[in-house]
Amino acid sequence: MDRYTSVSPAEVGLVSGITGAAVGYTLAPRKYNLEQLLTQKPDVFEKSINTKLLAKSDKVHKTAFQKLKDARKTISEALKNNTAERKLAELLQSPELKDSYKNIKGFLPKARLQTAIILAAIGAVIGTLGSVMCGNKQA
């Protein structure tokens with residue numbers, strides 16, 4: 001008599017989600033880089049920097065944040081003229097903007113958590129759907 005161990009789709013989804021989270025956390029960058037920061041959507045950018053900490057910080061950090069905001073504004077205006085890629089390349093080479101990024105880098109959240117959550121959700125969905133579609137074909 002054969003003995004089968006059945007695994008439910010929920011269990012497969014859970015394990016796939018945990019695996020996805022581990023892979024996402026491991027492979028994700030530690031922090032957002034300058035290019036990601038300049039090209040994020042406005043609402044994501046505003047959420048990415050803790051304004052309460054920034055308000056309590058010194059003038060150097062506030063100035064750096066303002067320079068980043070100005071650079072983002074320049075890129076959004078360049079989008080209208082279809083020159084955004086060239087403008088972004090120019091800004092990424094700017095020593096002034098690089099220094100601003102270094103000054104504000106401590107205020108940026110880790111990108112690892114966001115990537116881990118996204119890959120966990122994707123892994124869970126794919127694992128569950130794959131388990132349901134393939135199914136346990138027991139006799």
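Computed from a prediction, not measured in an experiment: that's the story for all the values here. Keep in mind that the numbers below use all heavy atoms, side chains included, and drop hydrogens, waters and symmetry copies.
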*Asks:* Check salt bridge (Lys or Arg N to Asp or Glu O under 4.0 Å) between Glu90 and all other residues, then give those that pass, not counting sequence neighbours.
*Replies:* Lys87

*Asks:* Among residues at least two apart in sequence or on other chains, which ones pass side chain to side chain donor-acceptor pair (under 3.5 Å) with Asp58?
*Replies:*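 Asp58: side chain to side chain donor-acceptor pair (under 3.5 Å) contacts with His61.
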
*Asks:* Just verifying a value: how many Å separate Arg72 CZ and Leu88 CG, rounded to the nearest 0.5 Å?
*Replies:* 11.0 Å

*Asks:* At what distance, to the nearest 0.5 angstrom, does CG of Asn33 lie from NZ of Lys105?
*Replies:*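 Taking CG in Asn33 and NZ in Lys105, the distance rounds to 9.0 Å.
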
*Asks:* Roughly how far apart are Tyr101 OH and Leu37 CG, rounded to 0.5 Å?
*Replies:*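 Going from OH on Tyr101 over to CG on Leu37, the span is 7.0 Å.
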
*Asks:* NZ/Lys67 to OG1/Thr74 distance, rounded to the nearest 0.5 angstrom?
*Replies:* 13.0 Å

*Asks:* Let me check something: any side-chain donor-acceptor pairs from residues 117-127 under 3.5 Å, sequence neighbours excluded? List them with distances.
*Replies:*
none

*Asks:* Who passes side chain to side chain contact (heavy atoms under 4.5 Å, CB included) against Lys59, sequence neighbours left out?
*Replies:* Thr63

*Asks:* Show every donor-acceptor pair shorter than 3.5 Å between a side-chain atom in residues 93-100 and any protein atom, with sequence neighbours excluded, or say none if there are none.
*Replies:*
| from | atom 1 | to | atom 2 | distance (Å) |
| --- | --- | --- | --- | --- |
| Ser94 | OG | Glu96 | N | 3.4 |
| Ser94 | OG | Leu97 | N | 3.3 |
| Ser100 | OG | Glu96 | O | 3.1 |

*Asks:* Could you grab the distance from atom CD of Glu85 to atom CD1 of Ile75, nearest 0.5 Å is fine?
*Replies:* 11.0 Å

*Asks:* For residues 9-21, run the donor-acceptor check on the side chains, cut-off 3.5 Å, and write out each pair with its distance to 0.1 Å, sequence neighbours left out.
*Replies:*
| from | atom 1 | to | atom 2 | distance (Å) |
| --- | --- | --- | --- | --- |
| Glu11 | OE1 | Ser8 | N | 3.0 |
| Ser16 | OG | Val12 | O | 2.8 |
| Thr19 | OG1 | Val15 | O | 2.8 |

*Asks:* Can a side-chain donor-acceptor contact be found between Gln66 and Asp70 if the only test is distance below 3.5 angstrom?
*Replies:* yes

*Asks:* So how far is it from Leu34 CG to Thr39 OG1, rounded to the nearest 0.5 Å?
*Replies:*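 The CG atom of Leu34 sits 9.0 Å away from the OG1 atom of Thr39.
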
*Asks:* Take atom NZ of Lys62 as the centre, draw a 6.0 Å sphere, and report whether it contains more than 12 heavy atoms from other residues, nucleotides or ligands.
*Replies:* yes

